Asks: 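Quick one: the structure is below, and I'll ask about it shortly.
In what follows, chains carry the letters A, B, and so on, assigned in the order in which the sequence lines appear, proteins first and then strands, with residues in each chain numbered from 1. Quick caveat, the model's predicted, so the values are computed rather than measured.
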Amino acid sequence: MNYWLMKTEPEVFSIDDLAKARDKTTCWEGVRNYQARNFMRDEMKLGDQVLIYHSNTSPPGIAGIARVVKEAYPDHSAFDPSSKYFDVKSKKESATWMMVDVQFVMKAKKFLSLDELKANPKVKELLILRKGNRLSITPVEKKHFEIIAKLL
DNA sequence: GCCAACGTTGGC
DNA sequence: GCCAACGTTGGC
């Protein structure tokens with residue numbers, strides 16, 4: 001089992017939106033970065049646990065946990081000209097972009113802010129804390145996931 | 001294949 | 001809204 005952190009802007013899609021979604025499940029559309037896509041396509045497996053991180057908001061931080069319920073398949077938003085994620089270069093026969101489905105597991109009882117993460121020496125290796133890291137999907141070590149899960 | 005210009009992310 | 005950091009694009 002692998003562990004991940006996935007960023008989302010809560011104004012666009014929050015942990016509450018995930019909790020309210022049908023089957024508490026959503027397809028993770030709109031990833032348009034090759035490294036993040038490769039993580040989904042090559043390494044995300046059924047049952048993997050995901051920290052849901054709220055970015056571009058105040059304060060940013062970890063808002064809950066989800067799990068992978070469907071492994072990578074073509075991101076259909078890339079084929080939809082009306083979608084803001086439309087990519088004319090992605091063909092249905094050989095999709096450029098992939099997505100997974102994730103299901104709500106829990107909302108943090110205690111939202112864990114970026115400041116609190118930075119202040120916790122036990123999780124200082126988290127990739128999210130690296131200066132300049134903009135990757136929307138990053139792997140998380142099991143020990144770090146477990147430390148964080150206990151704090152939520 | 002280099003690299004300047006541009007676009008995006010995301011904390012602040 | 002600003003801007004640093006990074007990824008992508010495209011001329012050469």
Asks: Report yes or no: does A:D75 contribute a side-chain atom to a donor-acceptor pair with the main-chain N or O of A:G30 at less than 3.5 Å?
Replies: yes
Asks: Looking at A:Y85, is its backbone amide N or carbonyl O close enough to the side chain of A:S83 to form a donor-acceptor pair, meaning the two atoms are under 3.5 Å apart?
Replies: yes
Asks: Filter on side-chain hydrogen bond (donor to acceptor under 3.5 Å, both in side chains), then keep only pairs touching residues 124-136 of chain A, sequence neighbours left out; what's left?
Replies: A:E125-A:H144
Asks: Mark yes or no: A:K107 above the aromatic ring of A:F104, with NZ or CZ under 6.0 Å from the six-membered ring centre and no more than 45 degrees from the axis.
Replies: no
Asks: Taking the side chain from A:S82 and the backbone from A:D80, do they hold a donor-acceptor pair closer than 3.5 Å?
Replies: no
Asks: Do nucleotides 6-12 of chain B as a string where each nucleotide becomes B, S or -: B if the base has a protein heavy atom under 4.0 Å, S if just the sugar-phosphate does, - if no protein is that close.
Replies: -BBBBBS
